[in-house]
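Everything on this sheet refers to the single structure shown next.
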Amino acid sequence: MTDEAVARHPDLDGDPSNRTGLFAGAAVGLVICAVVGALGGYLLAGGGDPEPPFDAGRTTPTVEATEQSPRSTPSRTPSRRPSSTPPPIGQMILPDLVGKDFQRAREELRGLGLGVQFVFGSAGDDPSVASTNPRGGTAVKRGITVRVTVVGAAPEVVVPALAGESCKQAARRLVDDGLYPNYPTGERGEVRDQEPPGGTVLRWNDRVRLYCSDGPVSGATPTP
């Protein structure tokens with residue numbers, strides 16, 4: 001090697017250890033540069049502690065709520081049970097009729113297979129029900145008669161003309177109109193007379209006498 005070459009590369013001259021130190025220094029420098037570069041990139045990205053990959057505190061309650069929701073349904077079942085005890089076999093619960101029109105109350109009781117007896121007030125024209133005996137909500141047997149007290153006085157009724165009708169049919173008409181039939185001569189046959197006559201004005205619960213007979217009605221042509 002010429003003197004000119006040695007002059008341009010002084011680190012190659014002398015002990016070979018110089019070259020080893022040079023290489024080690026270069027390696028350390030590269031490592032330092034890499035660390036500094038990574039740190040700079042991290043700081044530029046925002047720094048701070050990294051967030052965990054998932055939030056266990058948020059996901060756990062969601063899973064628990066999903067698992068427990070089916071088990072919470074049966075707890076609502078008891079609230080759906082009826083509060084009242086069903087009536088005994090062969091009986092029914094009498095409806096509450098207080099405040100209703102007495103004729104509507106009669107229709108409702110008849111529809112349940114119950115009889116009706118009205119007790120009217122002494123004055124006024126209020127047709128509403130004041131009370132019943134038995135009271136509404138009581139368990140009763142089919143066929144009993146319910147006593148219904150009305151606030152106002154008994155309303156007027158025009159007596160129908162019933163001559164020539166069968167005694168049973170005439171009786172049903174009187175009951176539907178709010179009157180009571182009476183049978184001085186029995187309940188068989190046809191109506192041959194009545195008292196008072198048709199067209200008379202009475203009041204609810206008044207009585208009408210039906211004179212019935214198995215023979216032909218007076219003045220009627222006998223059936224051949």
Side-chain angles (χ1 to χ4, degrees), residues 84-223:
S84 59
T85 304
I89 297 175
Q91 298 188 19
M92 68 186 76
I93 299 298
L94 187 69
D96 185 7
L97 303 173
V98 174
K100 293 186 177 182
D101 182 274
F102 77 92
Q103 296 198 54
R104 291 185 178 273
R106 181 176 71 161
E107 293 176 1
E108 190 169 345
L109 292 173
R110 281 182 167 184
L112 295 173
L114 301 173
V116 190
Q117 178 186 6
F118 287 109
V119 178
F120 292 92
S122 58
D125 57 358
D126 187 346
S128 60
V129 175
S131 63
T132 62
N133 187 14
R135 295 180 179 179
T138 305
V140 298
K141 293 182 179 180
R142 185 182 298 274
I144 71 163
T145 298
V146 180
R147 185 174 181 177
V148 179
T149 301
V150 183
V151 176
E156 294 181 345
V157 181
V158 177
V159 179
L162 303 170
E165 296 187 11
S166 70
C167 199
K168 291 183 178 179
Q169 178 63 32
R172 283 194 292 267
R173 287 186 61 184
L174 289 175
V175 171
D176 288 342
D177 290 343
L179 301 171
Y180 280 100
N182 185 262
Y183 314 96
T185 59
E187 304 177 27
R188 297 172 62 94
E190 296 179 345
V191 177
R192 59 184 175 85
D193 198 3
Q194 70 181 75
E195 184 182 9
T200 304
V201 177
L202 299 179
R203 290 185 178 274
W204 273 70
N205 289 352
D206 285 345
R207 294 185 178 273
V208 176
R209 295 182 178 89
L210 299 177
Y211 296 93
C212 303
S213 174
D214 287 337
V217 177
S218 177
T221 303
T223 302

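- Between atom OG of residue Ser213 and atom CG of residue Asp193 there is a gap of 11.5 Å, rounded to the nearest 0.5 Å.
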Review point. Can you list the steps and then say if Tyr180 with Leu174 is a side chain to side chain contact (heavy atoms under 4.5 Å, CB included)?
Key: CA-CA 6 Å; Tyr180 280 100; Leu174 289 175; over 6 Å; no
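- Counting all heavy atoms, side chain and backbone alike, Gln194 lies closest to Gly198 at NE2-N, 3.2 Å.
- For the residue pair Arg173 and Pro160, the shortest heavy atom distance occurs at NH2-CB, 3.2 Å.
- The two atoms that bring Gly189 and Asp214 nearest to each other are N-OD1, 3.5 Å, heavy atoms only.
- Checked by atom type and distance alone, the side chain of Thr132 never pairs as donor or acceptor with a backbone atom of Val148 at under 3.5 Å.
- Taking NZ of Lys168 as the reference point, atom CZ of Arg188 lies at 8.0 Å (rounded to 0.5 Å).
- Residues Ala170 and Leu210 come closest through the heavy atom pair CB-CD1, 4.0 Å.
- What you find for Val191 and Cys212 is that their closest heavy atoms are CG2-SG, 4.1 Å.
- Glu195 meets the side-chain hydrogen bond (donor to acceptor under 3.5 Å, both in side chains) test with Tyr211; sequence neighbours excluded.
- Interatomic distance, Arg203 CZ to Glu156 CD, rounded to the nearest 0.5 Å: 5.0 Å.
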Exercise for review: Tell me, with the steps shown, if Val140 and Val146 meet side chain to side chain contact (heavy atoms under 4.5 Å, CB included).
Suggested key: CA-CA 10 Å; Val140 298; Val146 180; 6.0 Å; no
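- Met92 contributes atom CE, which lies 9.0 Å from atom CG of Leu94 (distance to the nearest 0.5 angstrom).
- In this structure, Ser166 OG and Glu187 CD are separated by 11.5 Å, a value rounded to the nearest 0.5 Å.
- Nearest heavy atom pair, residue Asp126 against residue Ser128, reads OD1-OG, 2.8 Å.
- With a 4.5 Å cut-off on side-chain heavy atoms, Asp206 and Val157 do not count as touching.
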Cut-off 3.5 Å, no hydrogens considered: what does the side-chain donor-acceptor table look like for residues 97-125, sequence neighbours left out?
{"unit_1": "Lys100", "atom_1": "NZ", "unit_2": "Glu108", "atom_2": "OE1", "d": "2.8"}
{"unit_1": "Asp101", "atom_1": "OD1", "unit_2": "Gln103", "atom_2": "N", "d": "2.9"}
{"unit_1": "Arg106", "atom_1": "NH1", "unit_2": "Val175", "atom_2": "O", "d": "3.1"}
{"unit_1": "Arg106", "atom_1": "NH2", "unit_2": "Asp176", "atom_2": "O", "d": "2.9"}
{"unit_1": "Arg110", "atom_1": "NH1", "unit_2": "Asp176", "atom_2": "OD1", "d": "3.1"}
{"unit_1": "Arg110", "atom_1": "NH2", "unit_2": "Asp176", "atom_2": "OD1", "d": "3.4"}

